[in-house]
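Report on the following structure.
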Protein chains: 2
Amino acid sequence: MATHSQKDAYLYKKVITIGTVCELTGLSERQIRYYEKRKLIFPERTERGNRKYSFSDVETLMEIADKMEDGMQTSELRKEMQKKQDNRYDSKMKERMIKGQLNAYFNKRD
Amino acid sequence: MATHSQKDAYLYKKVITIGTVCELTGLSERQIRYYEKRKLIFPERTERGNRKYSFSDVETLMEIADKMEDGMQTSELRKEMQKKQDNRYDSKMKERMIKGQLNAYFNKRD
DNA sequence: CGTGTAAGGAATTCTGACACG
DNA sequence: CGTGTAAGGAATTCTGACACG
């Protein structure tokens, strides 16, 4: 994943089975699978079909659990998470613009 | 664990099943269980008895795999790992001594 | 010593469905 | 809409043992 640094390797590596995710989040398997169906979470699959989650997924699920407790619906959560994704792109765009300006600045001096 | 900072949480959390560890390390279940019997690795257990490993354990197993390929025996590996453990204690001791000196220094000025 | 394998049992995970609301 | 549950099958993991060397 080009969007993550080497240091994040363990955060995004999908190695945790659903049972362990249940223990870590306090959610039921049913809930976790449902949030997947609603496109809030994206586990990988083993050849045989078993779901594998990352620590990052676990963090996301805990946020989802909080919001659901507050009465939020999965459809709203979906929008909210889309926004975060957009913000991330915005940040990358800003970085590029700043780099562009720096390049322009130094190119002028050469 | 008092020996690890908050940032290491994901490195030491035991959440990975033996099957996934096999994929990650290229070792067989048999080998991984054997290295446990030889006191080289210390997974946690679920209530039912299933082994759970951390990313740190996976790293250790990859080192073990390298050494075993080089013809080293588990008994030698055991000693080598004991040394590392000792060094860690030495480091902590040094830290404490330095802190002690600093404390003495500032206490003098008070 | 280190590792492969077949054996049998117990727990895990999966999917699709019925249920309530 | 979100989640519980019983159903049945397939893969996972566990232990102790036989095997080779």
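Letters A, B, ... mirror the listed sequences (proteins, then strands); counts begin at 1.
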Q: For B:Thr60, enumerate each residue passing the side chain to side chain donor-acceptor pair (under 3.5 Å) test, keeping only those at least two apart in sequence or located in another chain.
A: none

Q.
Taking only side-chain N and O atoms of B:Arg51, does any of them lie within less than 4.0 angstrom of OP1 or OP2 on D:dT13?
A. no

Q.
Taking only side-chain N and O atoms of A:Arg33, does any of them lie within less than 4.0 angstrom of OP1 or OP2 on C:dC14?
A. yes

Q: Please identify each residue that fulfils salt bridge (charged side-chain N to carboxylate O under 4.0 Å, His left out) with A:Arg48, with sequence neighbours left out.
A: none

Q. Taking only Watson-Crick and G-U wobble pairs with both distances under 3.5 Å, what dot-bracket line describes DNA chain D, where [ ] shows pairs that cross earlier ones and | shows pairs with another strand?
A. .||||.||.|.|.||.||||.

Q. Considering only heavy atoms, which members of residues 66-79 of chain B lie under 4.0 Å from some atom of DNA chain C?
A. B:Met68, B:Gln73, B:Thr74

Q: Verify the contact: side-chain N or O of A:Tyr34 to OP1 or OP2 of D:dG2, cut-off strictly under 4.0 Å; return yes or no.
A: yes

Q) Got a sec, which residues hit salt bridge (charged side-chain N to carboxylate O under 4.0 Å, His left out) with B:Glu63, two or more places apart in sequence or on another chain? A) B:Lys84

Q.
For a quick test of reading the model, state the closest non-hydrogen atom pair linking A:Leu40 to A:Phe42 and the distance between them.
A. C-CE1, 4.2 Å

Q. What is the distance from CD of B:Glu44 to C1' of D:dC14, rounded to the nearest Å?
A. 18 Å

Please produce a list of atom pairs where a protein N or O lies less than 3.5 Å from an N or O of nucleotides 4-6 of chain D.
| unit_1 | atom_1 | unit_2 | atom_2 | d |
| --- | --- | --- | --- | --- |
| D:dG4 | OP2 | A:Ser28 | OG | 2.7 |
| D:dG4 | N7 | A:Arg30 | NE | 3.1 |
| D:dG4 | O6 | A:Arg30 | NH2 | 2.8 |
| D:dT5 | O4 | A:Arg30 | NE | 3.2 |

(Q) Testing the basics here: between A:Glu80 and A:Lys67, what is the closest heavy-atom pair and its distance to 0.1 Å? (A) OE1-NZ, 2.5 Å

Q. Among all residues two or more places apart in sequence or in another chain, which pass the side chain to side chain contact (heavy atoms under 4.5 Å, CB included) test with B:Glu23?
A. A:Glu47

Q: Take atom CD1 of A:Ile41 and atom C1' of D:dG2, then tell me their distance rounded to the nearest Å.
A: 17 Å

Q. Side chain to side chain donor-acceptor pair (under 3.5 Å) with B:Glu76: which residues, sequence neighbours excluded?
A. none

Q. For D:dT13, does OP1 or OP2 lie under 4.0 Å from any side-chain N or O of B:Thr17?
A. yes

(Q) Tell me every residue that passes side chain to side chain contact (heavy atoms under 4.5 Å, CB included) with B:Thr20, counting only those two or more places apart in sequence or in another chain. (A) A:Val15, A:Lys52, B:Ile16, B:Thr17, B:Leu24

Q) Separation of A:Lys37 atom NZ from C:dT15 atom P, in whole Å? A) 9 Å

**Q.** Over all atoms of both residues, closest heavy-atom pair of B:Arg51 and B:Pro43
**A.** CG-CG, 3.7 Å

Q | For atom CG of B:Leu27 and atom P of C:dT3, their distance in whole Å | A | 8 Å

Q | By ring-ring contact (aromatic ring centres under 6.0 Å, His included) - contacts of A:Tyr34 (at least two apart) | A | none

Please enumerate all protein N or O atoms sitting under 3.5 Å from an N or O of nucleotides 7-11 of chain D, with distances to 0.1 Å.
| unit_1 | atom_1 | unit_2 | atom_2 | d |
| --- | --- | --- | --- | --- |
| D:dA11 | O4' | A:Arg48 | NE | 3.3 |

Q.
What is the distance, to the nearest angstrom, from the CD1 atom on B:Ile32 to the C1' atom on C:dT3?
A. 13 Å

Q. Would you say C:dT3 has OP1 or OP2 under 4.0 Å from some side-chain N or O of B:Tyr35?
A. yes

Q | Donor-acceptor contact present, side-chain B:Arg38 to main-chain B:Arg78, <3.5 Å | A | no

Q: Would you name the heavy atoms of A:Tyr12 and A:Ser56 that are closest together and state the gap between them?
A: CE2-OG, 3.5 Å

(Q) What is the distance, to the nearest angstrom, from the NZ atom on B:Lys39 to the P atom on C:dG2? (A) 14 Å

Q) B:Tyr53 OH to D:dT13 P: how many Å, rounded? A) 10 Å

Q | Residues in side chain to side chain donor-acceptor pair (under 3.5 Å) contact with B:Glu29, at least two apart in sequence or another chain | A | B:Arg33

Q | Closest non-hydrogen atom pair, A:Cys22 against A:Ser28 | A | SG-C, 3.9 Å

